[in-house]
Enquirer: 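Provided herewith is a single structure, encoded as structure tokens, for subsequent inquiry.
We count ligands from 1, going down the list as the structure has it; atoms in each ligand are counted the same way. No hydrogens, no waters, no symmetry mates; every other heavy atom, side chains included, goes into these values.
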Amino acid sequence: MNKGLSVAHRLVCLAGAALALSLAPHAAQAQAVSVAERVDTLLKQMTLQEKVGQLTQYSGKWTATGPVTFKGDQEDDIRHGRVGAMLNVLGAARTRAHQQVAMQSRLKIPLLFGQDVIHGYKTTFPIPLAEAATWDLARIEQSARIAATEAAASGIHWTFAPMVDIARDPRWGRVMEGAGEDTWLASRIATARVKGFQGTGLGALDSVMATAKHFAAYGAAVGGRDYNSVDMSPRQLLETYLPPFKAALDAGAASFMNAFNDVNGVPANGSAYLQRDILKGQWGFTGLVVSDWGSIGEMVQHGFVADDKAAARAAITAGSDLDMESNAYRQHLAELVTEGAVDLALVDDAVRRVLRKKFELGLFEDPYRYSNEAREKATLARPEHRQAARALAARSIVLLKHTPGVLPLSARHKTVAFVGPLVKAVKDNHGAWAVTLPDVDYSQFIVTQWSGLRQALPATTKLLYAQGCDVRCEHRRGFAQAVAAARQAEVVVVSVGEDAGMSGEAKSRSRIGLPGLQEDLIRALHATGKPVVVLVNAGRPLVFNWTAEHAHAIAYTWWLGSEAGNAIADVLTGAVNPAARLPMSFPRSEGQIPIYYNHLNTGRPPAGDAQGQFRSGYIDERVSPQYAFGHGLSYTRFAYGQLHLDRTQLRGLDTLTATVDITNTGAVAGEEVVQLYLRDPVASLVRPVQELRDFAKIALQPGETRTLRFVIGRDKLSFFNAALQWVAEPGEFEIMIGASSADIRLRGRFALIE
Ligand code: NOJ
């Protein structure tokens with residue numbers, strides 16, 4: 001473990017570096033100095049106990065997002081300056097009441113209220129993985145903007161989002177919370193989300209502090225089992241897992257949350273390498289680092305430290321500023337300082353980081369400025385918020401399969417059967433990590449799939465319902481009724497998948513098929529001979545091979561939030577032409593996991609999906625995914641013209657421009673996501689077979705053509721070499737442009753000359 005003194009020494013050097021970096025615009029500097037001065041003045045007045053108080057975060061009692069351990073008197077602790085921040089205190093009235101207690105403390109330092117505002121606040125947006133499927137950065141930013149506007153009007157200062165963990169394992173329940181498997185796409189989405197949450201900057205009444213989490217590599221848990229350990233090369237950490245964090249930081253993320261997992265044997269909380277060397281050192285992060293719930297104390301369970309006291313010492317030494325709910329700082333930090341086991345400079349640095357944010361939020365001017373019930377009432381779930389949620393939700397739906405002519409539904413359909421366990425589900429449409437406000441009747445607030453479609457279809461179309469089975473689908477008792485409905489209809493829409501509680505934190509699954517007998521229900525419906533449209537609701541990629549082969553159409557609807565029903569109806573009726581693309585590969589079986597498109601080649605690569613003797617592959621499974629990264633269909637078609645490169649050799653800082661014409665050759669307007677992949681075929685380290693390096697989402701009317709230009713420079717060709725240097729190596733490169741990672745339409749080559 002690192003010794004406190006050497007880290008304190010490092011801190012001094014880093015503070016110098018951060019200062020040099022901040023010698024930028026004059027006004028910003030003047031303001032920074034004044035906040036810094038105010039922080040220092042306050043710090044001088046604080047007792048050690050009060051300092052530790054600023055580093056302590058409690059959960060409120062209305063909802064728990066982790067195992068609650070503190071049994072004491074929270075109010076008394078707040079009144080005596082022993083608490084700096086809270087989470088899970090919802091609403092303007094409650095946050096105000098807590099703040100009033102904090103204002104009775106000796107120094108009247110306001111509380112900071114954090115919350116998991118992950119995909120909306122009162123207006124719930126699609127789960128983040130679904131949003132990522134839009135490949136629409138502007139709309140993703142807007143979703144975070146609206147979430148921030150609502151949360152900030154409800155007394156919240158700080159969201160624990162975005163989660164920017166790269167996830168290549170759909171068994172892991174938290175894939176729903178991120179942006180999928182690709183580092184490049186996830187980095188852009190991280191930027192959009194941070195910008196959305198923080199808006200014009202901290203202190204604006206519609207902005208909340210963003211948190212890049214979970215630092216780091218939480219998504220690489222062995223076996224997809226939540227909280228499990230992570231063993232990874234430093235090169236992979238830098239190249240695949242850290243860039244979205246760096247993107248969030250560059251976008252101005254005010255805070256970082258560390259992680260439950262260990263990385264190469266060191267729990268993230270105790271990792272000076274991650275927090276001091278990389279985050280606060282190389283990257284110059286000046287915001288605050290909050291521990292994940294209880295995770296400082298959990299270093300004891302890890303076997304990294306013997307007890308909570310040693311955990312507190314390890315965490316503060318390694319750079320964890322705020323202790324969320326483990327009570328380790330509250331109980332031991334002051335004593336550690338008094339004994340000389342922890343340098344006071346470490347505590348002061350952490351306290352400064354917390355106080356700075358409170359000043360920037362304007363809480364010292366008015367501790368109640370976010371807790372305004374009138375503004376809360378006027379802001380939450382405004383009609384335009386719901387409209388944006390509906391638009392984004394419809395654009396999150398991925399059309400995985402479509403037999404031309406089956407969709408959209410219209411007045412030509414006289415009878416439609418809408419069956420399955422999720423047709424009339426209510427809360428499930430929110431998915432995991434939705435905020436539950438105590439005074440909202442969600443049965444009225446959420447648009448169910450049934451009511452959405454009923455409203456969207458003309459009154460002349462008869463809509464028949466049968467549940468078939470519930471989500472667990474343990475028996476076939478309701479199948480006959482569903483089949484009877486199907487027989488009377490011209491088309492069957494069946495809504496299946498997970499319930500909301502099957503993905504999210506601690507919701508890893510070892511089998512990721514459709515639950516129970518759901519696929520048998522689809523078979524029974526298919527046996528009627530009627531066209532079958534399958535809606536799959538889930539927080540992760542699922543395996544459904546029979547359905548993939550036999551259904552006439554499949555739309556992946558994830559969990560879409562408050563407007564789920566309307567959004568699904570928009571796509572089913574063609575009011576919105578689907579244009580989402582998968583941000584994760586969909587395996588054919590769990591045995592293929594981890595499966596991701598940007599893998600390395602082997603020395604004996606498979607020959608496509610054909611089984612080959614002495615080739616890399618499986619004897620009982622194909623190698624390719626069921627649905628590839630970037631895949632998604634439309635009700636129209638797009639033609640790709642010729643690929644034109646304005647040069648075939650790049651020198652130094654040259655850039656080249658790749659140009660391609662895209663034409664909508666179908667009969668309806670639609671959007672195409674044109675994806676650009678690169679490959680470095682010969683390098684000092686084996687490189688991925690393809691890597692996303694750009695994309696464009698364009699809307700085209702029938703017959704319309706648009707010329708797209710993609711600019712490629714050194715940065716898109718670079719990687720971390722064996723010495724962990726970010727380099728672009730001279731030689732040939734391949735460029736691939738296509739409609740998905742597996743549907744490459746155009747190929748070219750160019751060379752990088754030294
Ligand atoms: C634990 C989760 O891992 C984290 O993402 C969340 O922000 C905290 N609990 C607080 O709810």
Side-chain angles (χ1 to χ4, degrees), residues 56-70 83-90 112-121 127-129 144 147-148 151 156-167 172-179 190 193-194 197 208-221 224-230 244-245 248 253-263 267-269 287-299 301-302 315 320-327 431-436 501 503-508 539:
T56 298
Q57 182 170 38
Y58 285 171
S59 173
K61 295 174 189 144
W62 294 273
T63 154
T65 46
V68 178
T69 50
F70 179 68
V83 187
M86 305 247 358
L87 72 152
N88 295 332
V89 180
L90 289 170
L112 207 52
F113 294 103
Q115 188 64 36
D116 290 290
V117 182
I118 308 290
H119 52 116
Y121 188 69
I127 57 169
L129 187 63
I156 306 300
H157 309 133
W158 178 22
T159 175
F160 304 130
M163 184 186 102
V164 301
D165 297 309
I166 294 300
W172 189 47
R174 296 193 81 169
V175 300
M176 52 85 38
E177 219 183 313
R193 289 190 165 136
V194 170
F197 285 129
V208 293
M209 289 163 51
T211 306
K213 72 186 189 186
H214 304 81
F215 198 62
Y218 180 43
R225 185 154 58 79
D226 209 359
Y227 317 129
N228 209 359
S229 49
V230 171
F245 287 97
S255 81
F256 267 54
M257 182 185 289
N258 57 33
F260 291 123
N261 56 287
D262 75 83
V263 182
N269 265 285
L288 68 91
V289 178
V290 61
S291 78
D292 202 346
W293 181 299
S295 60
I296 294 181
E298 287 170 17
M299 287 197 286
Q301 294 292 329
H302 273 285
S320 302
D321 300 317
L322 199 60
D323 176 355
M324 181 195 289
E325 272 289 332
S326 83
N327 299 306
W433 283 121
V435 175
T436 303
S503 56
E505 186 179 343
K507 299 292 162 51
S508 296

Enquirer: Could you say whether the N/O atoms of H214 and ligand 1 ever approach to under 3.5 Å?
Expert: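 Such a contact does occur with ligand 1.
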Enquirer: Is a side-chain donor-acceptor pair under 3.5 Å present for S320 with N269?
Expert: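 Yes.
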Enquirer: List ligand 1 atoms under 4.0 Å from F160, heavy atoms only on the residue side.
Expert: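 Checking each atom against F160, I get 7 (O).
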Enquirer: For atom 10 (C) of ligand 1, grab the closest protein heavy atom and report residue, atom and distance to one decimal in Å.
Expert: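 The closest heavy atom on the protein side is D116 OD2, 3.2 Å.
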Enquirer: Is R174 close enough to touch ligand 1? Criterion: a residue heavy atom under 4.0 Å from a ligand atom.
Expert: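 Yes, that is the case, since the closest heavy atom of the residue is under 4.0 Å from the ligand.
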Enquirer: Could you list which atoms of ligand 1 come closer than 4.0 Å to a heavy atom of L87?
Expert: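 Every atom of ligand 1 under 4.0 Å from some heavy atom of L87: 10 (C), 11 (O).
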Enquirer: For atom 1 (C) of ligand 1, grab the closest protein heavy atom and report residue, atom and distance to one decimal in Å.
Expert: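 Of the protein heavy atoms, D292 OD1, 2.9 Å lies nearest.
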Enquirer: Which class fits the ring pair Y218 and W172: parallel under 30°, tilted 30 to 60°, perpendicular over 60°?
Expert: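 Ring orientation, 0 to 90° scale: perpendicular.
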Enquirer: Quick one: CG on L288 to CG on L322, what's the gap to the nearest 0.5 Å?
Expert: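 That separation rounds to 6.5 Å.
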Enquirer: Taking distance alone, with N or O pairs closer than 3.5 Å, would you say T65 contacts ligand 1?
Expert: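 N/O-N/O distance below 3.5 Å exists for this pair.
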Enquirer: Would you mind running through ligand 1 and noting each atom that sits below 4.0 Å from a heavy atom of M257?
Expert: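 So the atoms of ligand 1 that pass are 4 (C), 7 (O).
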Enquirer: Examine distances only and state if a side-chain atom of H119 and a backbone atom of L129 form a donor-acceptor pair shorter than 3.5 Å.
Expert: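 Pair absent, no side-chain N/O of H119 close to backbone of L129.
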Enquirer: So F256 and F245, would you call those rings parallel, tilted or perpendicular, with 30° and 60° as cut-offs?
Expert: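 It falls in the tilted class, 30° to 60°.
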Enquirer: Applying salt bridge (charged side-chain N to carboxylate O under 4.0 Å, His left out), name anything that partners E298, two or more places apart in sequence or on another chain.
Expert: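 Once residues adjacent in sequence are excluded, E298 has no partner under the salt bridge (charged side-chain N to carboxylate O under 4.0 Å, His left out) criterion.
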